[in-house]
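Below you'll find the structure, written out as structure tokens, and then a few comments.
For this chain, numbers begin at 1 and follow the sequence in order. Whatever order the structure lists them in is the order used to number ligands and atoms, beginning at 1.
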Amino acid sequence: MASADPTTGPHDAAILAASAKHPIVPQVYKYGTAGFRMNADLLDGVTFRVGLLASLRSRRKSSAAIGIMITASHNPAIDNGVKIVDPFGEMLEQEWEQYATALVNAKSDEELVKIYNQLAADHKINLNAKAKVIYGRDTRPSGHKLVAALVDALEATNTPHVDYKILTTPQLHYLVRATNTEGKPITYGKVSEVGYYEKLATALVRTLQGKKIQGTLQVDCANGVGGPKLAEFLKHVPKDKVGLDVKIVNDDVLRPEVLNLDCGADFVKTKQRAPPNPQPEPGLRCCSLDGDADRLMYYWTDPEKGFVMLDGDRISSLAASFITELVDRAGLRKVLNIGVVQTAYANGGSTRFITGRLNLPVICTPTGVKHLHHVAQQFDIGIYFEANGHGTVLFSMDAVKAFKEYPPQSPAQKDAMDILAALADLINQTVGDAISDMLLVEVILAHKNWTLRDWATTYSDLPNRLVRVEVLDKDMFQTTDAERRLTHPEGAQDEIDNAVKKYGAARAFARASGTENACRVYAEAASRSEVQELADRVVRIIERYGNNSK
Ligand code: 16G
Ligand code: MG
């Protein structure tokens with residue numbers, strides 16, 4: 001038996017038969033920062049093949065449950081996407097992204113079966129072992145059909161599966177971790193959507209310690225899955241104790257065409273203005289979620305200053321300052337190391353505040369949640385956010401143990417430890433979660449008795465510009481130093497350096513987008529006019545190199 005052909009196996013016939021029903025549209029596919037994401041018409045075969053990979057992954061991971069989320073986040077309603085969640089609720093391990101890419105790009109059903117069996121052989125996967133896959137989808141109409149393709153793959157590979165139907169992306173991540181920790185000494189929460197709400201609601205009450213959230217919060221749900229899920233969560237909140245007065249807007253999930261249309265976190269961040277509908281009342285505390293509720297932006301319209309936005313950098317520095325104060329009060333600063341993780345897009349004002357005022361280390365990683373997440377795991381308390389509103393705070397097992405077991409020297413210390421322990425439950429530990437992050441912000445504002453204006457005055461942002469540049473082939477732009485410097489094309493970085501030198505306190509970088517065929521240029525400088533000039537100069541450099549006349 002040792003010489004059995006590694007490219008054949010027990011599921012061959014079933015996969016061949018099922019795959020014929022889910023043909024792939026020939027083109028080059030790549031598992032990117034957000035899985036496979038594109039026009040939904042192209043995704044039937046892709047989703048089928050992702051199902052095959054998830055079953056392999058589960059068998060590779062000692063039969064642990066693997067998650068699949070079907071969503072295209074902030075993209076228009078006609079798009080969809082599919083991504084895999086690993087057993088602890090984190091993003092798929094990077095090495096496996098290439099296997100997903102290989103399976104999806106198989107040119108025929110026969111080649112697909114061969115690659116599937118070869119992967120099993122290479123990774124010593126027993127295809128007859130137990131497996132489990134759980135999945136959910138956002139509100140896009142195409143989700144239903146893609147789930148059917150997924151189910152065919154799971155049936156063909158004899159993989160038991162659970163359909164959680166419509167969920168936010170972070171809820172699916174929660175369910176994966178909850179499923180895999182069920183019955184273990186340290187569980188993550190009840191294995192149900194209700195379990196998620198109950199966990200957050202209980203933690204919310206504990207973190208507030210009798211304080212009440214003041215005023216009304218208007219939440220724009222991007223006409224996506226966040227709307228109905230936030231409404232459901234609010235049913236679990238004891239409002240008399242907590243005072244969370246939420247006004248949900250843009251929660252129309254019955255008209256698919258309005259998803260992410262002129263609303264949502266991506267609109268707010270990229271357009272730098274409030275969603276036009278409904279026009280927020282001046283001074284009203286507002287926030288926006290994105291289409292799958294894993295990104296969050298706060299803002300208000302000020303009678304004097306106009307629109308003021310509090311983005312991921314602001315949430316990061318708010319969380320970092322609050323948590324550091326609590327750790328100090330709990331007398332745990334020497335015991336636990338705290339760090340903040342950002343990307344090159346983080347505003348220099350925030351980085352200066354975190355390193356200079358809070359005295360915390362800041363590590364910069366390449367763009368994409370998985371990079372930040374892994375670095376944040378190196379700390380006892382790792383705070384990570386992208387400027388675009390993706391992010392969370394991770395607590396190590398040691399940290400959680402310390403909050404619960406370290407002997408407090410005073411009632412104030414005990415209170416601080418209790419709040420920290422509750423925060424570890426309130427903040428989604430698997431992935432950035434807009435609903436959970438929103439509760440974190442509300443709790444901090446309540447504890448500090450702050451308005452958004454108080455929060456915004458903790459530091460000033462440096463004027464900045466982000467520009468998308470069309471180029472022939474974005475892949476010619478290669479970077480190092482967490483995407484802050486170009487290594488290719490040769491000479492481009494020197495020119496950027498020369499441009500930056502002309503301005504005081506300035507910074508600029510160019511990187512290839514991970515999600516579209518374009519380059520992005522980011523610049524920061526001391527004044528609006530300087531940043532405009534600097535950005536224009538760097539854009540011209542990139543255009544010149546990118547459109548090939550070196
Ligand atoms: C993806 C990433 C996001 C990143 C963005 C950058 C995840 C879940 N999503 O949406 O974190 O900020 O790509 O896009 O990791 P870009 O490479 O086109 O600039
Ligand atoms: Mg999203």
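For ligand 1, none of its N or O atoms has an N or O atom of Ala512 under 3.5 Å away. Residue Thr515 places at least one N or O, backbone or side chain, under 3.5 Å from an N or O of ligand 1. Here's the thing with His74: none of its N/O atoms is less than 3.5 angstrom from an N/O atom of ligand 1. In terms of polar-atom proximity, defined here as any N/O pair under 3.5 Å, Glu386 does make such a contact with ligand 1. An N or O contact shorter than 3.5 Å is missing between Tyr345 and ligand 1 by distance. Note: no N/O pair closer than 3.5 Å links Ala34 and ligand 1 by distance alone. Considering backbone and side-chain atoms alike, His390 places an N or O below 3.5 Å from some N or O of ligand 1.
A cation-pi arrangement is present between Lys199 and Tyr188, with the terminal nitrogen or guanidinium carbon under 6.0 Å from the aromatic centre and inside a 45° cone about the axis. Annotation: cation-pi geometry satisfied between Arg314 and Tyr459 (NZ/CZ under 6.0 angstrom from ring centroid, within 45° of ring axis).
Annotation: the span from Arg60 atom CZ to Glu93 atom CD amounts to 8.5 Å, rounded to 0.5 Å. Taking OH from Tyr298 and CE from Met438, the interatomic distance works out to 5.5 Å, rounded to the nearest 0.5 Å.
Ring to ring, Tyr384 and His373 are close: their centroids are under 6.0 angstrom apart.
Using cut-offs of 30° and 60° for the angle between ring planes, the Phe36 and Tyr31 rings count as perpendicular.
Excluding waters, the count of protein N/O/S atoms less than 2.8 Å from the Mg ion (ligand 2) comes to 4.
The existence of a salt bridge linking Asp497 and Arg485 is confirmed by a sub-4.0 Å separation between a basic side-chain nitrogen and an acidic carboxylate oxygen. The pair Glu97-Lys370 counts as a salt bridge, with a side-chain nitrogen and a carboxylate oxygen less than 4.0 angstrom apart. Salt bridge present: Glu442 and Arg285 bring a charged side-chain N and a carboxylate O closer than 4.0 Å.
Of all protein heavy atoms, the one closest to atom 15 (O) of ligand 1 is Val369 N, 3.0 Å. Considering only non-hydrogen protein atoms, atom 1 (C) of ligand 1 sits nearest to Thr33 OG1, 3.5 Å.
The two residues Leu358 and Ser317 have their closest heavy-atom pair at CD1-O, 4.0 Å.
For Lys145, the NZ atom counts as loosely surrounded, since its 6.0 Å shell holds 12 or fewer non-hydrogen atoms of other residues, nucleotides or ligands. Other residues, nucleotides and ligands place more than 12 heavy atoms under 6.0 Å from the CZ atom of Arg537.
Listed by number with element, the atoms of ligand 1 under 4.0 angstrom from any heavy atom of Thr367 are 4 (C), 6 (C), 12 (O). Heavy-atom proximity to Arg520, at under 4.0 Å, picks out these atoms of ligand 1: 16 (P), 18 (O), 19 (O). Listed by number with element, the atoms of ligand 1 under 4.0 Å from a non-hydrogen atom of Gly368 are 11 (O), 15 (O). Of all the atoms in ligand 1, the ones that sit under 4.0 Å from a non-hydrogen atom of Ser513 are 16 (P), 17 (O), 18 (O). For ligand 1, the atoms sitting less than 4.0 Å from at least one non-hydrogen atom of Arg511 are 16 (P), 17 (O), 19 (O), numbered in the order shown with element in parentheses.
Contacts of Thr343 with ligand 1, taken as heavy-atom pairs under 4.0 Å, are absent altogether.
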Practice item. Verify ring-ring contact (aromatic ring centres under 6.0 Å, His included) between Tyr164 and Tyr196, making sure each step is shown before the conclusion. Key: CA-CA 13 Å; Tyr164 281 99; Tyr196 168 91; over 10 Å; no
